[in-house]
2 protein chains.
Amino acid sequence: MTPRTLDHPDRSEIRLEDVLHALSDPARLQVVCYLAGSGESSCSAIDLAVSKSTSTHHFRVLREAGVIRQVYRGTAKMSSLRREDLDALFPGLLDTVIRAYDTQRAATL
Amino acid sequence: MTPRTLDHPDRSEIRLEDVLHALSDPARLQVVCYLAGSGESSCSAIDLAVSKSTSTHHFRVLREAGVIRQVYRGTAKMSSLRREDLDALFPGLLDTVIRAYDTQRAATL
DNA sequence: GTCAAACTACGAAGACCTTCGTACAAAGGA
DNA sequence: TCCTTTGTACGAAGGTCTTCGTAGTTTGAC
């Protein structure tokens with residue numbers, strides 16, 4: 001049997017515009033910040049205010065932009081940030097965005 | 001006579017998602033990086049590979065997201081980065097993105 | 001073998017984005 | 001005043017994005 005696999009861009013294929021676009025949606029930003037704090041997580045561990053199919057869509061956008069890595073583990077699909085790749089390509093970007101997100105959230109409360 | 005004026009969000013209205021979205025287009029990224037190096041510039045000083053109306057559109061997106069400030073000066077319209085506001089809201093974001101853009105461009109050559 | 005859990009694939013609707021051309025306006029100089 | 005420069009407004013076409021529901025697949029537990 002063939003294990004289910006998922007396409008990921010490799011490091012050299014990751015484009016800044018795509019990463020920024022992936023991060024420009026509230027739901028996806030929420031996912032990224034959750035993963036930054038939790039490490040590897042299943043899709044369902046993150047409580048997004050959208051349907052399951054929409055959730056799948058957002059995870060796919062993040063994966064195809066090179067922001068997260070996804071692997072199947074049993075019935076679950078685990079996601080994690082591609083920290084090493086992103087830090088190597090765009091030093092500081094991820095941390096800056098995560099901090100900005102937290103700041104904005106704190107200010108909005 | 002009424003001077004022509006342009007709407008800008010004030011600092012408290014600037015949203016991270018909107019800023020990231022504004023930055024996720026190649027033409028707009030080019031504008032931002034140009035302004036970072038040049039200070040205030042007219043729209044036509046930046047040589048975008050698009051028509052004038054499209055150019056107007058991109059400048060408007062940047063302005064409405066709070067990334068740039070625009071003022072009329074004679075027949076020209078001058079644009080500049082809202083550095084202070086962005087640095088106060090999202091420390092490091094602008095610099096990180098600009099550096100990432102330059103890195104990516106150097107790697108693509 | 002059967003069942004539940006966790007996702008996916010597909011198709012569709014509606015909104016939004018990018019692009020353009022054409023026609024127009026505002027300011028300043030000859 | 002007339003012309004040039006610089007940019008805008010409008011409308012349209014074509015594409016992409018986000019969202020969803022429904023029906024299906026894969027895996028592991030019983």
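Everything numeric in this text was worked out from a predicted model, so none of it was measured. So that the names make sense, note that chain A is the first sequence line, chain B the second, and so on, each numbered from 1. All values below were derived from every heavy atom in this structure, side-chain atoms included, with hydrogens, water molecules and symmetry-related copies excluded.
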Within the pair B/Arg60 and D/dA9, is there a side-chain N or O less than 4.0 Å away from OP1 or OP2?
-> yes
Could you give all pairs that pass the salt bridge (charged side-chain N to carboxylate O under 4.0 Å, His left out) test and reach residues 59-74 of chain B, with sequence neighbours left out?
-> B/Glu40-B/Arg73, B/Arg60-B/Glu64, B/Arg69-B/Asp85
With sequence neighbours left out, write down each residue that passes salt bridge (Lys or Arg N to Asp or Glu O under 4.0 Å) with A/Arg83, or none if nothing qualifies.
-> A/Asp87, A/Asp95
When hydrophobic residues are tied together by side-chain contacts of less than 4.5 Å, even through go-betweens, does B/Ile98 share a cluster with B/Leu86?
-> yes
Hydrophobic cluster mates of A/Tyr72, side-chain heavy atoms under 4.5 angstrom, ILVMFWY only, any path?
-> A/Leu6
Report all side-chain donor-acceptor pairs from residues 42-50 of chain A shorter than 3.5 Å, counting only partners two or more places apart or in another chain.
| from | atom 1 | to | atom 2 | distance (Å) |
| --- | --- | --- | --- | --- |
| A/Ser42 | OG | A/Ser44 | OG | 3.4 |
| A/Ser42 | OG | A/Ala45 | N | 3.3 |

By side chain to side chain donor-acceptor pair (under 3.5 Å), A/Glu17 pairs with (sequence neighbours left out) A/Arg15, B/Gln104
When rounded to whole Å, the CZ to P distance for the pair A/Phe59 and C/dA6 reads 14 Å
A/Asp102: salt bridge (Lys or Arg N to Asp or Glu O under 4.0 Å) partners, not counting sequence neighbours | none
Specify the separation, in whole Å, of atom CZ of A/Arg63 and atom C1' of C/dC7.
-> 12 Å
Whole-Å distance, B/Glu64 CD to C/dT18 P, equals 12 Å
According to the salt bridge (charged side-chain N to carboxylate O under 4.0 Å, His left out) rule, which pairs have a member within residues 25-38 of chain B, sequence neighbours left out?
-> none
First encountered from the 5' end of DNA chain D, between B/Ala76 and A/Val61 | B/Ala76
Check every strand shown and say whether A/Ser55 touches a base, only sugar-phosphate, or nothing at a heavy-atom separation below 4.0 Å.
-> nothing
Hits for side chain to side chain donor-acceptor pair (under 3.5 Å) against B/Asp7, two or more places apart or cross-chain, chain-then-number order -> none
Measure from the side-chain heavy atoms of B/Cys43 and tell me the nearest of D/dG7, C/dT18, C/dC7.
-> D/dG7
Strictly below 4.0 Å, heavy-atom distances to any atom of DNA chain C: list the hits from residues 67-75 of chain B, or just say none.
-> B/Gly74, B/Thr75
Determine: side-chain N/O of B/His58 to OP1/OP2 of C/dT19, distance under 4.0 Å, yes or no.
-> yes
What closest approach, in Å, do B/Ala88 and B/Arg11 show between heavy atoms, and which atom pair accounts for it?
-> CB-NH1, 3.3 Å
Between A/His57 (NE2) and C/dC7 (P), how many Å, whole number?
-> 17 Å
What is the distance from CE of B/Met78 to C1' of C/dA27, rounded to the nearest Å?
-> 15 Å
Mind listing the residues from residues 46-54 of chain B sitting with a heavy atom below 4.0 Å of DNA chain D? Number order is fine.
-> B/Lys52, B/Ser53
For A/Thr103, all residues meeting side chain to side chain donor-acceptor pair (under 3.5 Å), sequence neighbours excluded = none
Hey, can you pull the residues of residues 14-33 of chain B with a non-hydrogen atom under 4.0 angstrom from DNA chain D?
-> none
